[in-house]
Amino acid sequence: MLKKLVVAILILSNVFIMTGCWNYVEVDEQLTVSGIAVDKGQKGKKYHLTAEFISGGGGKDAQMETETIEADGDTIIEAIRSLMTTGTKMFYFGHCKLIIISDKVAKKGIADILDTIIRDREIRVTMNIVIAKHVKAKDILMSQDVSNPIISYEIVELIKVTREYNGQAPVDLIYQAFNSLNSVGSSTVLPSVELVKDKDKSGSDEQSNNSKQSGDEPNGESNTGPKAKEYLRISGVCVFKKDKMIGTLDEKDTKFLSFITNKVDKALITVEEEKRPNDYISFEVSKSKSKIMFDFKENTVDVKVKVKTEVSINASEKLKNYMYKSDTSKTQKNLEHSMKYYMERLIKHAQIELHSDIFGFGTQIHSKHPKQWKKYKDDWDEIFKKMNVDVDCEVTIKGSGIAKETAND
Amino acid sequence: MINDKISGKQFVNIMIVFTMGSSLVTGGCMKAKQDSWIGLLIAVALAVPAMFLFARINELAPKKNIYDLSYILYGKVGGAILTFLFSFFALSLGTLVIRNFTEYIQVVALAETPKIVNAICMGVIAYLTVRCGIEILGRGNVFVLPIVLGAILFTVVLSYKDADYMNLLPVLEHKKNIIECSTNMLAFPFLETVVFLAIFPFVETKTKPVKLYLISLAIASFMILILMIRNMLVLGFPLAESIYFPTYTTTGIIQIKEIITRIEVIISASFIILGLVKVSICLFACCKGYAKLFNIGNYRKTSIPLILIMVLASGPIYKSTMQMFNLVSNYKYYSWIFELLIPIIIWIPLEIKVRKHKLHFDDCEQMSKTMEKMAASE
């Protein structure tokens with residue numbers, strides 16, 4: 001009996017002896033970083049890092065608030081360490097979901113930034129990565145958003161929504177970007193985010209502020225109303241060559257890039273009507289499949305891109321009755337024609353101006369025709385510039401919403 | 001009380017865990033990039049004859065472990081040398097496994113915790129396992145293995161969304177590396193099952209040993225294969241090759257809405273369990289060996305010094321993580337002596353002796369008695 005008691009006490013005493021470990025940090029002693037922004041450095045350092053962290057207070061009416069903090073460093077890790085000199089609390093990067101890189105930094109190369117993130121054990125490889133276009137990355141992190149106080153998480157959601165509903169932003173997670181940066185036969189594209197200034201909106205904001213000052217409105221929601229005169233927008237993608245940014249694509253081009261690389265979930269295409277330049281017609285894409293075929297020649301490759309798309313008509317201006325086959329097939333021909341036009345324009349743009357294989361044709365050849373790839377591998381850039389690309393679109397119109405015909409104008 | 005008997009099923013369970021153990025952590029050899037899985041299949045195919053070899057030795061002398069056999073067949077000096085070499089192999093393997101797992105813990109989770117602390121924890125458990133007898137390992141494994149397998153398969157199923165089959169193409173591009181890859185995986189982990197030659201006498205079963213060896217080889221290699229292919233499908237190249245612990249990273253990528261995220265801790269927990277079993281088996285094997293070598297009646301008495309050596313040597317054995325992973329690929333150059341050469345030089349005279357005395361192969365009991373007599377007469 002005594003022996004059992006002693007054993008029990010010894011086991012229980014472990015509770016007191018073996019508490020915690022070397023890496024023990026109290027939750028209230030650490031700051032949760034939600035996103036970081038990388039700019040060109042000041043004071044002779046290479047990078048200027050801005051971290052957004054969540055500083056939600058406790059108590060009854062706990063509110064999510066974010067604050068930002070800045071530091072410089074020659075590497076990302078050095079900048080993170082010097083962030084810590086500004087306060088006593090530890091930074092925790094496990095919940096960091098976004099890294100924003102300014103276009104100035106991106107033009108100099110992002111390989112070392114990605115390497116830091118892959119190498120660090122706390123930062124997750126499923127982070128999103130975006131490029132700040134025309135603005136400083138820290139301005140984006142410091143902008144204010146209406147719906148979500150945490151800007152980084154809001155941008156992550158934005159990217160997801162744009163991808164799912166507009167067929168944009170093909171590559172987005174760090175580990176995927178890491179792979180495509182390191183491959184010879186394809187170039188990375190990363191979503192870009194910009195700040196849009198809206199002058200009308202700021203005017204109406206002032207008005208609402210005035211009305212608030214007059215004291216007519218009861219306290220409440222109006223306090224948290226939008227003060228922002230500028231808002232965030234995902235605007236196309238940035239194109240990379242190796243790890244350096246060399247150009248951008250607008251929204252429309254990005255959409256057709258997704259069509260070629262087979263990454264469309266849902267998207268909306270708007271085209272002009274045939275022979276009526278100011279009439280537009282919109283199609284909702286419900287399904288799209290692309291197939292890329294190669295025809296190998298002596299010193300070049302002929303590429304044939306076949307896109308099969310299912311659409312339904314969303315908005316149309318001209319009087320048409322879609323019950324008539326002739327009208328439908330005309331519309332279909334028109335759409336096929338315009339899609340082909342846009343895609344070929346995009347491919348020419350990539351070949352002549354960007355010199356960058358954003359479609360991953362090289363990777364496709366490498367995967368499916370490894371023997372031929374050996375011939376092309378060494379001067380793929382030259383071959384890509386010269387190759388003939390033929391686009392073939394096949395559109396099936398599956399429906400026209402809930403209306404048979406367009407209202408008469 | 002201490003019971004040193006396990007059933008055939010328990011033996012198979014232990015062997016599955018032993019084989020999967022550290023190669024699930026390191027994700028197998030990825031030298032051949034997209035073709036690594038072919039290398040794995042070749043390694044399994046090459047391991048089958050070796051399994052027949054080990055099983056044959058066990059079948060010819062089911063009541064004798066490899067140390068007894070080497071003393072019987074090669075006399076006192078030869079037997080002592082073989083026993084020393086083989087138990088040294090078990091000792092070094094245990095050390096490497098401890099280092100492997102403490103390194104894993106330090107790299108992915110507890111960066112500031114000294115490795116020796118984790119090593120001591122593992123060592124204490126391995127020591128207690130040997131102290132309590134192999135039965136506890138057998139029974140525990142029957143309970144733990146389905147949970148571990150279930151957890152790992154669960155994460156594989158959840159990875160479906162992130163998989164891209166293009167990552168496996170092109171096939172057969174890195175032909176030269178396939179052989180290197182398969183020999184690496186043959187040496188580590190498939191042929192490491194050689195240490196079971198030291199503890200087979202614990203097994204009480206009527207099933208043929210070869211069946212036990214092959215079943216566990218099949219299940220373990222299947223698990224390694226699907227995890228390896230899953231890692232390649234999700235991570236793609238060059239990422240899959242460039243990170244140390246691909247299984248852990250791949251599981252971290254799984255994200256089903258906001259509900260199932262960050263489940264890599266499941267993988268870590270499973271890994272630790274697998275590692276503990278592997279260390280315990282190595283400890284059993286080398287305890288038996290050194291007890292035989294120094295003529296100690298109760299082999300458990302050697303467990304404390306041996307586990308201390310394992311724990312303490314696991315720290316300075318490598319200078320860095322990079323060195324550890326380099327050694328994993330050079331391991332085969334020294335391990336074949338223990339994994340193939342020793343079993344062969346035990347098996348050939350054993351087979352000749354048994355045939356010469358025209359013994360019935362099935363009559364194991366009688367045979368081992370005869371062999372004891374033979375040994376006595378010599």
Side-chain angles (χ1 to χ4, degrees), chain A residues 14 18 20-25 90 93-97 111 114-115 117-128 153 156-157 160 170-186 188 261-263 292 360 362-374 377, chain B residues 33-35 104-118 120-121 124 161-175 231-246 248-258 261-265 268 321:
Chain A
N14 282 348
M18 300 196 172
C21 63
W22 272 259
N23 293 64
Y24 181 62
V25 184
M90 289 284 286
F93 280 88
H95 291 287
C96 183
K97 281 191 184 172
L114 290 198
D115 182 80
I117 291 164
I118 298 277
R119 209 173 282 282
D120 194 275
R121 89 199 140 77
E122 200 172 83
I123 305 178
R124 300 184 72 80
V125 292
T126 50
M127 252 165 106
N128 278 270
Y153 291 2
V156 171
E157 281 302 303
K160 215 159 127 195
V171 172
D172 49 6
L173 301 182
I174 288 275
Y175 73 96
Q176 290 159 333
F178 181 85
N179 279 340
S180 64
L181 278 185
N182 281 300
S183 91
V184 186
S186 64
T188 317
T261 53
N262 205 3
K263 279 179 179 154
I292 299 170
T363 310
Q364 293 257 353
I365 296 176
H366 184 193
S367 303
K368 288 174 183 163
H369 311 277
K371 275 180 194 156
Q372 261 85 1
W373 175 244
K374 272 182 196 155
K377 196 165 77 180
Chain B
K33 302 214 159 145
Q34 284 92 338
D35 301 326
Y104 168 75
I105 293 170
Q106 195 171 48
V107 169
V108 303
L110 308 170
E112 285 146 41
T113 310
K115 286 194 196 77
I116 190 77
V117 176
N118 296 322
I120 288 171
C121 294
V124 167
K161 189 169 68 76
D162 304 303
D164 180 3
Y165 82 97
M166 287 292 281
N167 287 335
L168 277 188
L169 296 174
V171 181
L172 287 179
E173 195 193 23
H174 307 271
K175 279 180 200 148
N231 294 347
M232 291 197 281
L233 284 175
V234 174
L235 291 176
F237 286 91
L239 188 59
E241 199 197 351
S242 70
I243 50 181
Y244 287 132
F245 304 109
Y248 178 84
T249 311
T250 314
T251 316
I253 286 170
I254 294 171
Q255 188 165 11
I256 311 282
K257 289 284 169 194
E258 294 293 316
T261 59
R262 293 145 205 264
I263 51 172
E264 61 266 37
V265 68
S268 287
T321 318

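Naming: A, B, ... by sequence-line order, numbering from 1 per chain.
The most heavy-atom pairs under 4.5 Å with chain B, out of H366(A), Q364(A), R124(A), come from R124(A). The greatest number of non-hydrogen atom pairs below 4.5 Å with chain A, out of T249(B), V108(B), L168(B), is found for V108(B).
Other residues, nucleotides and ligands place more than 12 heavy atoms under 6.0 Å from the NZ atom of K115(B). Other residues, nucleotides and ligands contribute only 12 or fewer heavy atoms inside 6.0 Å of the CZ atom of R119(A).
Listed here is the closest heavy atom pair of D162(B) and Y175(A): CB-OH, 4.3 Å. In plain terms, the two heavy atoms of R121(A) and Q106(B) that are nearest each other are CD-O, 4.4 Å.
Interface remark: E241(B) contributes no atoms to any contact with chain A (heavy atom separation under 4.5 Å). Contact of T126(A) with chain B is made through the side chain alone, with heavy-atom distances under 4.5 Å. Only the side chain of V117(B) has a heavy atom closer than 4.5 Å to any heavy atom of chain A.
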TODO: Please report the C-alpha distance between F178(A) and I243(B) in whole Å, then the side-chain angles of each, then the deciding distance to 0.1 Å, and finally whether the side-chain contact (heavy atoms from CB on, under 4.5 Å) criterion is met.
DONE: CA-CA 12 Å; F178(A) 181 85; I243(B) 50 181; over 6 Å; no
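Distance check: N167(B) CG to N179(A) CG gives 7.0 Å after rounding to the nearest 0.5 Å.
Among V125(A), I174(A), I118(A), N182(A), the one residue that satisfies the side chain to side chain contact (heavy atoms under 4.5 Å, CB included) test with L239(B) is I118(A).
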